[in-house]
Amino acid sequence: MTIMQQELFSEPQVIRDVIANNIDVIAKIAEEVKKRGITNISTVARGTSDNATICFKYIAEILTGMPVAECHPSIITIYKSRVSISDNLTIAISQSGAS
């Protein structure tokens, strides 16, 4: 089995572990989302991290009922445009930590 296949097949357990190890933080985020009346989620990622947002999108939409949309960083960093995501819960994903 390749490393990629191993990573793919390990995803469900990794997600369960992340939720279990961060349940208090997740509860605080959920409370804040309700308090602020947030009804949309945005993701920000580049490259392979952008692929991870697809998995997140499915899970988040199923569990929250909120739509999840992508915001591409290059719109701001390369094209110097402004995008308002002030009323969204914004999730940034960076595999390397550099973005």
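FYI, the numbering just counts along the sequence from 1.
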CD1 on I19 to CG on L63, rounded to 0.5 Å
7.0 Å

Do I15 and I23 belong to the same hydrophobic cluster, where Ile, Leu, Val, Met, Phe, Trp and Tyr are linked whenever their side-chain heavy atoms lie under 4.5 Å apart, directly or via other members?
yes

Linking I/L/V/M/F/W/Y whenever their side-chain heavy atoms sit closer than 4.5 Å, directly or via other members, would I93 and V33 fall into one cluster?
yes

Interatomic distance, NZ@K57 vs CD1@I41, rounded to 0.5 Å, equals 9.5 Å

About how many Å separate CD1 of I38 and OG1 of T64, when rounded to the nearest 0.5 Å?
11.5 Å

Could you check whether any side-chain heavy atom of C71 comes within less than 4.5 Å of a side-chain heavy atom of T90, counting everything from C-beta outward?
no

Can you list the steps and then say if I3 with E7 is a side-chain contact (heavy atoms from CB on, under 4.5 Å)?
CA-CA 6 Å; I3 292 173; E7 288 180 351; 4.0 Å; yes

I'd like to know whether CD of E31 has more than 12 heavy-atom contacts from other residues, nucleotides or ligands below 6.0 angstrom.
no

Within 6.0 angstrom of E32 CD, more than 12 heavy atoms from elsewhere
yes

Holding to side chain to side chain donor-acceptor pair (under 3.5 Å), I want the full list of residues that pass it with Q13, two or more places apart in sequence or in another chain.
R16, D17

I91 side, atom CD1; F56 side, atom CZ - distance, nearest 0.5 Å
4.5 Å

So, the side chain of S49 versus the backbone of A45: is there a donor-acceptor pair under 3.5 Å, distance only?
no

Tell me the closest heavy-atom pair linking T77 and S74, and the distance in Å.
OG1-CA, 3.4 Å

Distance check, rounded to the nearest 0.5 Å: N88 atom CG versus S86 atom OG?
7.5 Å

Please find the pair of heavy atoms, one from C55 and one from E11, that lie closest to each other, and give the distance.
SG-OE1, 4.3 Å

Is the shortest heavy-atom distance from the side chain of H72 to the side chain of D50 under 4.5 Å?
yes

Note, T43 side chain near E70 side chain (heavy atom, < 4.5 Å):
yes

Can M66 and L89 be said to form a side-chain contact (heavy atoms from CB on, under 4.5 Å), step by step?
CA-CA 10 Å; M66 289 188 225; L89 169 62; 6.0 Å; no

